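To start, the structure under review is shown below, and the notes come after it.
The structure presented is a predicted model; accordingly, all values stated were derived computationally and were not measured.
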Amino acid sequence: MINTETATMDEEDVCESYMMREITKKRKLTPIQLRLLEESFEEEKRLEPDRKLWLAEKLGLQPSQVAVWFQNRRARYKTKQLEHDCDSLKASYAKLKTDWDILFVQNQTLKSKVDLLKEKLKMQENLETQSIERKRLGEEGSSVKSDNTQYSEEEGLENQYSFPELAVLGFYYDPTLTASNLRL
């Protein structure tokens, strides 16, 4: 003999359980519902209780469903905003890095030019000093070192510059000329 009362209870429990699963089962929103939710989200990112109830009633959804949709949509919006900001920062960084690299090379080039100009200025100052010394030697006839020995300007140049440097400065080496030949 089967207990009909127990069998009926089991069927009711199964039906209730099935109904609960249907309620908690995730439902896809229709395109119209999505469009209205998106339009509402564009107007205001935060959902006020009155607006939540109005949207839920208008769309035929539970207020909790509307609230969850807004939470998820804000999360997606924030993620997209972060991705956009990150891409923008990467582009800015790449441009700044390129600009910095160009400026670095230009700076190095300018430093080498400054060094070259300093060297030329130093050589020119030496030439001017030597020219002044030559004029003074021409007026005095000779120059006396601190140990009272005579020297010529060419001997001073030989000690100071090598032959290629003298050629660059416009002086040419003549091995036949010596201090005794010049009678300085």
NZ (K78) and CG (D85) are apart, to the nearest 0.5 Å, by 11.5 Å

Tell me, please, whether Y77 has K45 positioned over its six-membered ring: NZ or CZ under 6.0 Å from the ring centre and within 45 degrees of its axis? yes

From CD1 (I102) to CG (N107), nearest 0.5 Å: 13.5 Å

Say you draw a straight line from NZ of K97 to OH of Y93; how long is it, rounded to the nearest 0.5 Å? 5.5 Å

Counting N and O atoms only, with roles assigned by atom type, does the side chain of S40 sit under 3.5 Å from a partner on the main chain of L36, one being a donor and the other an acceptor? no

For L59 and Q33, work out which heavy atoms get closest and say how close. O-NE2, 2.7 Å

Any idea which heavy atoms bring S112 and T109 closest together, and the distance? OG-O, 2.7 Å

Could you tell me the separation between the CD atom of E48 and the CZ atom of F70, rounded to the nearest 0.5 Å? 11.0 Å

Do the charged groups of E133 and R136 touch, with an N to O distance under 4.0 Å? yes

Judged by atom type as modelled, is there a donor-acceptor pair below 3.5 Å linking the side chain of T129 to the main-chain atoms of E125? yes

E38, CD: over 12 other non-hydrogen atoms inside 6.0 angstrom: yes

Taking L61 as the starting point, is it possible to reach I32 by hopping between hydrophobic residues whose side chains are less than 4.5 Å apart? yes

Rounded at 0.5 Å granularity, tell me how far CD in Q62 sits from CG in L53. 11.0 Å

Under 3.5 Å donor-acceptor, R51 side chain and E44 backbone: yes

Roughly how far, to the nearest 0.5 Å, is the CG atom of N126 from the CG atom of L121? 9.5 Å

Look at the side-chain heavy atoms of Ile, Leu, Val, Met, Phe, Trp and Tyr, link any pair under 4.5 Å apart, and say whether L34 and V68 land in one connected group. no

Tell me whether E128 at atom CD has more than 12 heavy atoms from other residues, nucleotides or ligands lying less than 6.0 Å away. yes

With distance as the sole test, does S88 use its side chain to make a donor-acceptor pair with the main-chain N or O of H84 at under 3.5 Å? no

SB check K95 D99 (cutoff 4.0 Å): yes

